[in-house]
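Some notes on the structure that comes next.
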Amino acid sequence: MINIENKNIFSKAKVAIIGASGGIGSTISRQIRAMERENTIIEIVRQKAKKNQFEMDMLDEHSVAQCAEEIKKQYGSLDVVLNTTGLLHTSNNSPERTYREINLDYLQEIFQVNTFIPFLVCKYFAPLLTKESASIIAFMSARLGSMSDNRLGGWYSYRSSKTALNMLIKTLSIELSYSNKNAICVGLHPGTVDTQLSSPFTQKIKNKRVFTKEEAAEYLIKALNNIDHNDTGNIIDWRGETVPY
Ligand SMILES: NC(=O)c1ccc[n+]([C@@H]2O[C@H](COP(=O)([O-])OP(=O)(O)OC[C@H]3O[C@@H](n4cnc5c(N)ncnc54)[C@H](OP(=O)(O)O)[C@@H]3O)[C@@H](O)[C@H]2O)c1
C-alpha cells in the first residue's frame, strides 16, 4: 500500500522494477531496498543474475504475459511499477546527427526497446496495480522526447521513440482515470546520468551536469515521492518539475 499524502511511497510497498539490470534501474532498486525491510522489490530482467529476479523476454508478448501472471500469483497486486529499460546506441549504430544517417535497423531497435517494451508493460502490468489505494506506474522517458523543447535537432530515432512513449503515458493516464482512479501514470526524466547508455556521449557534454547513478536514483525517488494525482499523464524531471510535451 502506498500513502500518497505523507510520504515515503515505497514504505511497505510492493514495487516491480522492469529493467532492474540497468544503471538507473539497479540503483533505484538498491536504494529502495535499503530504505526498510517491509517493502517488497520485484526485479524483472531479461537475463537473470540473482536468485530472486524474474526473467522476461521483454519483446515477446507471451513471455511478458507469463511473467505478469506469475508475479500476480506470488504477490497479488502491485503498488508501484517502474519501467527503466531503454536504448540509445547499439554495437553498430549511434544516434543520427543528420537525416542522412537514418537507418531502418537502428530505428526499429530503438523503437522496440524505448516504445514497444513500455506498450507491453502497460498491457500486462497496469492491470496488476492495486485498486484499493494509490498506486504509480512510471516509465523512464527523456527530455529529448519533448517536441517543444527540441531546439538542437538530431537523434531522430531516440527522440521520436520517447515522444511516442510520452503519448502512451498520456493515453494510459486517461484510461486509468476511469478504470483505476487511484492509479497515477507518469514519465520520468532523470537528467544526464553516467550509465552504459550515455557513456559514449557524456564527455562531449559541456556546461551540463552529469549525475552519478546514485544521485539520479535519489532524485527520482524523491520526485516520485512528491507526485500526486494532478501529475498523472505528465513527464516529471529529476527536480520534480513537469517537462513540457
Ligand atoms: N542515462 C541517461 O543519461 C538518461 C537520460 C535520459 C533518459 N534516460 C532513460 O533512462 C532509462 C534507463 O537508462 P540507463 O541510463 O539506466 O541505461 P542502461 O544502464 O543502459 O540500462 C538500460 C536497461 O534497458 C535494458 N535493455 C536494453 N536493451 C534491451 C532489450 N533489447 N530488451 C530488453 N531490455 C533491454 C537493459 O537490459 P540489459 O542489462 O539486459 O542490457 C537495462 O536494464 C532509459 O529509458 C533511458 O532512455 C537515461
Side-chain angles (χ1 to χ4, degrees), residues 16-31 42-50 53-61 63-64 67 81-95 105-122 124-125 137-146 149-150 152 155 157-166 168-169 186-205 208-221 223-224 235-239 243:
I17 302 179
I18 297 144
S21 55
I24 296 174
S26 62
T27 313
I28 290 180
S29 175
R30 203 165 43 249
Q31 289 189 5
I42 304 159
E43 293 194 346
I44 303 161
V45 293
R46 61 173 165 166
Q47 217 161 22
K48 216 169 150 170
K50 296 186 213 155
Q53 289 177 327
F54 283 81
E55 209 166 72
M56 178 168 103
D57 180 347
M58 316 220 178
L59 284 163
D60 179 300
E61 183 160 357
S63 173
V64 177
C67 182
V81 173
L82 291 179
N83 182 80
T84 62
T85 55
L87 189 67
L88 174 58
H89 59 93
T90 66
S91 44
N92 300 324
N93 291 295
S94 289
D105 290 337
Y106 172 71
L107 176 65
Q108 275 173 352
E109 209 172 337
I110 292 296
F111 262 79
Q112 279 187 339
V113 180
N114 293 345
T115 317
F116 296 178
I117 291 175
F119 268 78
L120 290 178
V121 167
C122 159
Y124 292 99
F125 284 80
I137 182 165
F139 299 85
M140 293 301 303
S141 183
R143 186 176 291 277
L144 285 165
S146 165
D149 196 65
N150 184 358
L152 286 174
W155 295 30
S157 302
Y158 185 77
R159 280 186 188 280
S160 308
S161 68
K162 293 293 189 181
T163 312
L165 167 63
N166 292 351
L168 167 75
I169 290 164
V186 290
L188 295 172
H189 168 62
T192 305
V193 189
D194 186 18
T195 64
Q196 191 277 131
L197 177 138
S198 61
S199 59
F201 312 99
T202 43
Q203 278 113 17
K204 293 176 201 148
I205 297 172
K208 205 171 178 193
R209 198 166 154 202
V210 178
F211 297 125
T212 63
K213 291 176 277 197
E214 288 70 25
E215 286 171 322
E218 270 173 43
Y219 282 129
L220 291 173
I221 288 170
L224 282 167
I235 313 303
I236 310 294
D237 75 8
W238 58 275
R239 285 168 297 214
V243 179

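Both ligands and their constituent atoms are indexed starting at 1 by order of listing. Please read these numbers as outputs of a predicted model, since none were measured by experiment. Only this structure's heavy atoms are used, side chains among them; waters, hydrogens and symmetry mates stay out.
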Out of all atoms in ligand 1, which are within 4.0 Å of some heavy atom of Gly23? Include the element for each.
16 (O), 18 (P), 19 (O), 21 (O)
Identify the closest protein heavy atom to atom 20 (O) of ligand 1: which residue and atom is it, and at what distance?
Gln196 NE2, 3.1 Å
Phe125 side, atom CZ; Ile18 side, atom CD1 - distance, nearest 0.5 Å:
4.5 Å
Under 4.0 Å to a heavy atom of Ala142 - the qualifying atoms of ligand 1, by number:
6 (C), 7 (C)
What residue and atom, counting heavy atoms only, is the protein's closest point to atom 24 (O) of ligand 1, and at what distance?
Gly86 N, 3.0 Å
Per-atom filter on ligand 1: closer than 4.0 angstrom to a heavy atom of Lys162 are 44 (C), 45 (O), 46 (C), 47 (O)
Please list the nearest protein heavy atom to atom 16 (O) of ligand 1 with its residue and the distance rounded to 0.1 Å.
Ile24 N, 2.8 Å
Between the side chains of Thr202 and Asp194, does any donor sit under 3.5 Å from an acceptor?
no
Shortest protein contact, atom 15 (O) of ligand 1 (heavy atom only)
Thr195 OG1, 2.5 Å
Under a heavy-atom criterion of less than 4.0 Å, does Gln47 contact ligand 1?
no
Near Thr84 (heavy-atom distance under 4.0 Å), the atoms of ligand 1 are 11 (C), 12 (C), 23 (C)
Can a donor-acceptor pair be found between the side chains of Thr90 and Glu109 at a distance below 3.5 Å?
no
Tell me the contacting part of Ser141 for ligand 1: side chain, backbone, both, or neither, using a 4.0 Å heavy-atom threshold, strictly below.
backbone
Quick one: look up the protein heavy atom nearest atom 47 (O) of ligand 1 and list residue, atom name and how far away it is.
Tyr158 OH, 2.6 Å
Looking at Ile117, which atoms of ligand 1 are within less than 4.0 Å of one of its heavy atoms?
32 (N), 33 (C)
Exercise: identify the closest heavy-atom pair between Gly187 and Ser141
CA-CB, 4.4 Å
If you scan protein heavy atoms around atom 39 (O) of ligand 1, the nearest is Ser21 OG, 2.7 Å
Could you name the option among Gly19, Gly191, Pro118 that has the heavy atom nearest to atom 5 (C) of ligand 1?
Gly191
For atom 2 (C) of ligand 1, which protein heavy atom lies nearest, and how many Å away is it?
Val193 N, 3.6 Å
Show the atoms of ligand 1 that are less than 4.0 angstrom away from any heavy atom in Thr192.
3 (O)
Can you tell me if Asn114 and Ser161 form a side-chain donor-acceptor pair at under 3.5 Å?
yes
Looking only at heavy atoms, which two atoms of Arg143 and His189 are closest? And how far apart?
N-ND1, 3.0 Å
What residue and heavy atom of the protein are closest to atom 41 (O) of ligand 1, and at what distance?
Arg46 NH2, 2.9 Å
Where does Thr85 meet ligand 1, judged by heavy-atom distances below 4.0 Å: at the side chain, the backbone, both, or neither?
both
Got an N/O contact under 3.5 Å between His189 and ligand 1?
no
For Val113, take its heavy atoms, then give the atoms of ligand 1 lying under 4.0 Å from any of them.
28 (N), 29 (C), 30 (C), 31 (N)
With a cut-off of 4.0 Å, which atoms of ligand 1 are near a heavy atom of Gly22?
19 (O), 21 (O), 42 (C), 43 (O)
